[in-house]
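Shown next, in structure tokens, is the structure this report addresses.
Just so you know, ligand 1 is whichever comes first in the structure, and atom 1 is the first atom listed for that ligand.
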Amino acid sequence: MADFDRVVRGGTVVAPDAARRADVGIRGERIAAVGTGLRGAEELDATGKLVLPGGVDAHTHIEQMSSMGLMCADDFRSGTTSAICGGTTTVLSFAVQRRGESPREVVAAYHALAGPKAVSDYGFHLIITDPGPRALGEEIPRLVEEGVTSFKIYMTYELVRLNDRQFLDVLDGARRMGALTMVHAENHSMIGWLSDRLIEEGYTAPKFHAAGHPKLAEAEATARAIDLAELVDAPLYVVHVSSKEAAEAIAASRRRGLKVFAETCPQYLLLTAEDLDRPGMEGAKFCCSPAPRDEECQEALWAGIADGTFDVVSSDHAPYSFDAMGKLAAGPNPPFNRICNGVPGVELRMPLLFSEGVGKGRISLERFVEVTCEAPARLFGIYPQKGALVAGSDADLSIWDPERTVRVRWADLHDEVGYTPYEGRELRGFPETVLRRGEVVVRDGAPLAEPGSGRFLCRSRPASASPLGRPSWSVALARRFGARGFLE
Ligand code: DUC
Ligand code: ZN
Ligand code: ZN
């Protein structure tokens, strides 16, 4: 009699601490054992293959209205199908509050969108654009209880940005609620002023998007965000870091002992501003914010993944089609500041990082698993249910052929975007079979999961969100003078 419902046999099981030959025994939806000589009612041969935990993509925009007011090309069906085909079995996506909206109603609306369609498991971060007392004092604490334990705020984009005082309100609220605040850090005035000057002088082509979003704008806002978080003793997670300068601000804050976490994304590791310089509007396909930089920044980001400055590599999957519904919504030839920002990438996040990172000796296999699977699960309150290949975890895993060579073609991907910025690149290593909670959801690269079989993850308050308990000088002083309860 078989001990397990399913066994993945003979592969190299990779965890952040080690890679070793082992079988994975599955009962129902969970991993029941990792060991040798396991036998199952059904067996999947992984000899010569890598067996990785299901990927956790902590930053995706799916079926979301963008910060510029446009709808994504991917709904929860196509976006999560694309995710599983790239080895990612959990996505954290954004539920965006527009100004004046009730956060509870917003999250309920995203539940209604995702529930019948998702094929990966999923959770929501709440984008807060209107942090009034009712939202922060009543509605959002209940959402945290219901598993939405992280927020994102923007320091730029006219429709969604918060000023510093509102940002402090969110950080303070998050600290009290045990939630983690994520920030899009770019200086709004620098970007707006520079972009207006460029456009006035006729520099409207997509390539000027990179000039209009300078590194300095990112570095300034990153440092300011860190200072705001320090003032109220709140942890902070900096999203989509693109530049050496911002990475240095993050590393310095950590050396000062602050709880600052950060992610970067494949587009900043693999694209540069030169990619925006293509004939006609082609460069629009590469316009994302922050903008892709240069080789020096790429090297600094790779080094930051290896040395721990970056905890996570996310996709920032922002699927805007190359037509009047997406990138070209403002006309066939819009100035760069009216091109919808974002690049797709949920399916290729892990294959790109594996091929370019592990394959080219920039990061170890174990570190690859840490930044794509384990660390995002830990930071966002779903570890060890997700992000781990250990007894008791959900049986989410992917079986990779590390030698398989793939030439990227959008036509082979599963999103609805219509292009990929990585068209034509050759990758080595790709997931072939993917299991989500014990079920084979991708076989030989083909998706099999039923829409609606993905499950909402009611996330815990992550340990990453607990404050240091080391108040800033001014807060300590206020307490010393008897301001009891202040910032507690
Ligand atoms: N920038 C964002 O802030 N969000 C989506 C994608 C992008 O480029
Ligand atoms: Zn952003
Ligand atoms: Zn984003």
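- Under the 3.5 Å distance criterion, with hydrogens and angles disregarded, no donor-acceptor pair is assigned to the side chains of S78 and E416.
- The N/O atoms of Y154, backbone and side chain alike, include none that comes under 3.5 Å of an N/O atom in ligand 1.
- Residue K152 has no N or O atom closer than 3.5 Å to an N or O atom of ligand 1.
- When non-hydrogen atoms are compared, ligand 1 lies under 4.0 Å from the backbone of C288 as well as from its side chain.
- Counting only heavy atoms of the protein, atom 7 (C) of ligand 1 lies nearest to S289 O, 3.5 Å.
- Both tests pass for K285 against the ring of F322: distance under 6.0 Å to the centre and angle within 45° of the axis.
- Stacking of R378 on the aromatic ring of Y383 is recorded, both the 6.0 Å distance cut-off and the 45° axial limit being met.
- Side-chain contact check for E186 and H184: at least one donor-acceptor pair (N or O, by modelled atom type) lies under 3.5 Å.
- Protein N, O or S atom count below 2.8 Å of the Zn ion (ligand 3): the structure gives 3.
- Judged purely by distance below 3.5 Å, without hydrogens or angles, the side chains of R409 and T420 never pair a donor atom with an acceptor atom.
- Under 4.0 Å from ligand 1, not a single heavy atom of V343 appears.
- When all heavy atoms are compared, the tightest approach of L258 to I226 is CD1-CG2, 3.8 Å.
- Short contacts between ligand 1 and H184, defined as distances under 4.0 Å to a heavy atom of the residue, involve ligand atoms 2 (C), 3 (O).
- Listed by number with element, the atoms of ligand 1 under 4.0 Å from a non-hydrogen atom of Y157 are 1 (N), 2 (C), 3 (O).
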